[in-house]
Amino acid sequence: MALPNKNKYSVLLPTYNERENLPLIIWLLVKSFTESKHDYEIIIIDDGSPDGTLEVAKQLEKIYGKDKIVLRPREKKLGLGTAYIHGIKHATGNFIIIMDADLSHHPKFIPEFIKKQQERDYDVVSGTRYAGSGGVYGWDFKRKLISRGANYLTQILLRPGATDLTGSFRLYKKPILQRLIEACVSKGYVFQMEMIVRARQFNYSIGEVPITFVDRVYGESKLGGNEIIGFAKGLLMLFATT
Ligand SMILES: Nc1nc2c(ncn2[C@@H]2O[C@H](COP(=O)(O)OP(=O)(O)O)[C@@H](O)[C@H]2O)c(=O)[nH]1
Ligand SMILES: [Mg+2]
């Protein structure tokens with residue numbers, strides 16, 4: 001007789017001005033987990049969004065229930081890295097899924113992440129836009145070039161053992177995510193890259209699932225000269241320290 005599957009997946013969903021996107025991403029998440037019959041909770045970490053994201057989140061909590069939608073807001077915008085730390089503290093699952101709330105990351109891939117994790121008991125499963133059937137939609141040439149270039153350069157310098165370094169759609173064993181976050185010093189794009197580079201440094205096993213990434217429809221994304229300079233600095237830092 002097979003033992004019942006005791007795994008629980010805590011989705012960390014950091015939000016900043018995602019009022020338009022939140023109902024749809026939550027609906028898709030609930031649908032995905034319900035259909036695949038995995039136990040889950042969705043932890044929404046809203047950083048005082050001026051657009052009223054938290055009010056929408058409260059409505060969703062009423063609709064889906066407090067055991068499924070867990071609200072852990074903060075007063076003001078304190079950044080993604082600390083949002084994850086804050087979320088993990090409240091997570092009751094033994095696995096953590098990190099994704100964006102802007103519909104760039106489709107919940108339909110989550111059952112594939114879980115299946116991949118179970119194949120070889122991977123410590124980390126990383127969604128990749130740069131292998132197999134993965135891809136990017138809605139980016140202009142400049143942004144594609146920067147993203148590809150950044151990945152390529154990093155592959156050469158760091159040999160990280162993963163094909164998508166700047167993506168942020170991933171599944172982790174909870175204690176491993178905690179250790180990685182403690183070890184990471186950078187922020188923003190570099191933070192996602194550092195997480196996977198450190199995973200490799202600590203000899204954690206990394207599985208990959210091809211994902212299609214769709215650029216946000218509602219709201220604004222940021223990618224400018226500052227990000228590129230920050231990325232270059234982060235890359236050099238990781239090159240020197242890992
Ligand atoms: N809680 C919190 N969420 C944030 C913050 N900055 C961005 N987010 C959320 O993090 C995710 C990724 O942000 P996004 O702007 O889409 O980044 P990009 O896709 O890299 O341009 C989205 O779900 C945002 O709403 C922040 O300071 N605090
Ligand atoms: Mg985004």
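Hydrogens, waters and symmetry mates play no part in the numbers below; they use all other heavy atoms, side chains included. Quantities reported herein were computed from a predicted structural model and do not represent experimental measurements. Note that ligands are numbered from 1 as they come in the structure, with each ligand's atoms numbered from 1 the same way.
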Using a plain distance cutoff, I'd like to know if [X] has any nitrogen or oxygen under 3.5 Å from a nitrogen or oxygen of ligand 1.
| X | answer |
| --- | --- |
| P14 | yes |
| D46 | no |
| A101 | yes |
| Y16 | yes |

Where does the angle between the aromatic ring planes of [X] and [Y] fall among parallel (under 30°), tilted (30 to 60°) and perpendicular (over 60°)?
| X | Y | answer |
| --- | --- | --- |
| F33 | Y40 | parallel |
| F169 | H105 | parallel |
| F95 | Y9 | parallel |

Nearest non-hydrogen partners of [X] and [Y], listed with the distance:
| X | Y | value |
| --- | --- | --- |
| P210 | A131 | CB-O, 3.5 Å |
| I43 | A91 | CD1-CA, 3.5 Å |
| L103 | N21 | CD1-OD1, 3.6 Å |

Contact between G79 and ligand 1, counting heavy atoms under 4.0 Å? yes

Check: of D100, D215, I45, min heavy-atom distance to atom 19 (O) of ligand 1 comes from D100

The atoms of ligand 1 lying under 4.0 Å from a heavy atom of E18, numbered in the order shown, are 22 (C), 23 (O), 24 (C), 25 (O)

Considering the heavy atoms of D102, write down every atom of ligand 1 situated less than 4.0 Å from one of them. 16 (O), 19 (O)

Out of the N/O/S atoms in D102, what is the name of the one closest to the Mg ion (ligand 2)? OD2

Evaluation steps, salt bridge (charged side-chain N to carboxylate O under 4.0 Å, His left out), between K116 and E119: CA-CA 5 Å; K116 176 54 89 176; E119 258 173 37; 3.2 Å; yes

